[in-house]
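To keep things clear, I will list the structure first and then write my remarks on it.
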Amino acid sequence: MPLNRSNRQQGVVLLIVLFFALLLTSSIATFTRRAVIDASVARNRDAAARAETLARSGIRLGKTVLIMDRIQEEATQQAVDSQRDSWSELGQVEIPGGDGASLKIRIEDSGALFNLNSIFDYAEAGAPYEETEFFLDAFFEKVIDEMKLPPGEKFYDISELTEALMDWVDADEVRLKGGLEDTYYQLQEPPYWAANGPLMSVDDLFLIEGFDRKLVEALRPYVTVEPFAGGGGINLNTAPAHVLSLIFSRMGGSDHRLAKKDQVKQILEVREKGGLICGEALSLKDCTPISSIVSSPIFPPPTYTASVFTITADARVGEIRRSIEAVVNRSADPPLMLSWRVR
Ligand SMILES: [Ca+2]
Ligand SMILES: [Ca+2]
């Protein structure tokens with residue numbers, strides 16, 4: 001029997017209750033320890049430790065919600081990750097932790113960002129697809145145009161950036177324009193080589209010829225590199241407006257374009273009304289086909305479900321804050337922790 005929205009919400013509430021029970025046990029333990037140690041230094045240290053414990057529990061809760069969602073997808077045979085899912089709704093509540101503490105958990109699927117590795121064919125040694133170059137040109141042009149720099153300070157050559165990224169990823173060591181890819185990299189201090197493989201982090205862009213800090217920071221809000229291989233395009237049911245603007249479609253011949261503002265608005269309107277966008281890879285009753293908004297094929301094809309999720313848990317105890325960001329692959333059994341960062 002398919003679970004409806006309110007069943008799912010009850011599930012989240014139940015989890016939060018369980019979470020409190022756990023939290024209470026750990027704060028009693030902390031309290032006992034605290035009684036022995038002295039004054040304010042200890043209190044600060046204690047608050048920091050409590051905040052970190054709270055954030056860790058938040059990551060655990062996030063992982064549990066993701067597993068529940070996967071089980072539910074398997075049970076209902078509806079593989080769709082959208083803003084209607086309990087993992088997405090979790091971000092809308094601030095969980096009070098008692099004694100001046102609170103926790104916020106935010107979960108995002110990898111499809112909420114544009115995966116730069118999805119535009120290379122890693123089954124074919126990282127070769128670009130027919131559309132890769134056109135997409136990168138359009139993307140870089142848009143982002144550079146949006147950068148808040150005087151026009152005189154935008155010394156970027158879009159086609160050189162596109163080619164440098166394609167050469168960084170492709171398996172060979174020869175520049176698309178001729179010459180050796182590594183000539184520039186070998187002149188750096190210390191010298192290095194082109195990766196000739198997938199981007200392993202967004203920060204890898206810093207290493208590529210022509211990409212400076214300002215440009216990488218301008219690109220960052222749009223992109224991810226996970227999953228490294230086998231990932232698809234944007235998730236139309238979770239991506240925010242600025243990412244939806246990267247929907248890239250063929251107008252005929254080699255003529256492509258990024259989504260217009262109006263198309264992005266139409267997608268958001270469907271979602272705001274509680275609806276879903278569907279496509280060839282997902283067809284459900286009462287969903288709005290993407291082809292009714294963007295009529296030509298999209299590159300790379302949109303995704304409707306995700307395996308990689310980023311869980312961010314922000315804990316606050318008094319003035320002290322701790323934030324943990326964990327990247328999880330949910331399709332592995334048990335889910336695989338890909339990265340863990342405490343701030
Ligand atoms: Ca090359
Ligand atoms: Ca190469």
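Note that the coordinates shown come from a computational prediction; the quantities given were computed from them, not determined experimentally. Whatever order the structure lists them in is the order used to number ligands and atoms, beginning at 1.
Checked for salt-bridge contact, R330 and E73 meet the test: a charged N lies under 4.0 Å from a carboxylate O.
Among pairs with a residue in residues 120-136, those fulfilling salt bridge (Lys or Arg N to Asp or Glu O under 4.0 Å) read E130-R250, at least two apart in sequence or across chains. Sorted by first and then second residue, the salt bridge (Lys or Arg N to Asp or Glu O under 4.0 Å) pairs involving residues 198-208 (not counting sequence neighbours) are D203-R220.
With sequence neighbours left out, K214 forms a side-chain hydrogen bond (donor to acceptor under 3.5 Å, both in side chains) with no residue at all.
Panel note: side chain N117, backbone V225; a donor-acceptor pair is recorded below 3.5 Å.
With no hydrogens or angles considered, a side-chain donor-acceptor pair links S245 and K142 at under 3.5 Å.
Around the Ca ion (ligand 2), protein N, O or S atoms at less than 3.0 Å comprise D167 O, D170 O, D170 OD1, D172 O, E181 OE1, E181 OE2, N196 OD1.
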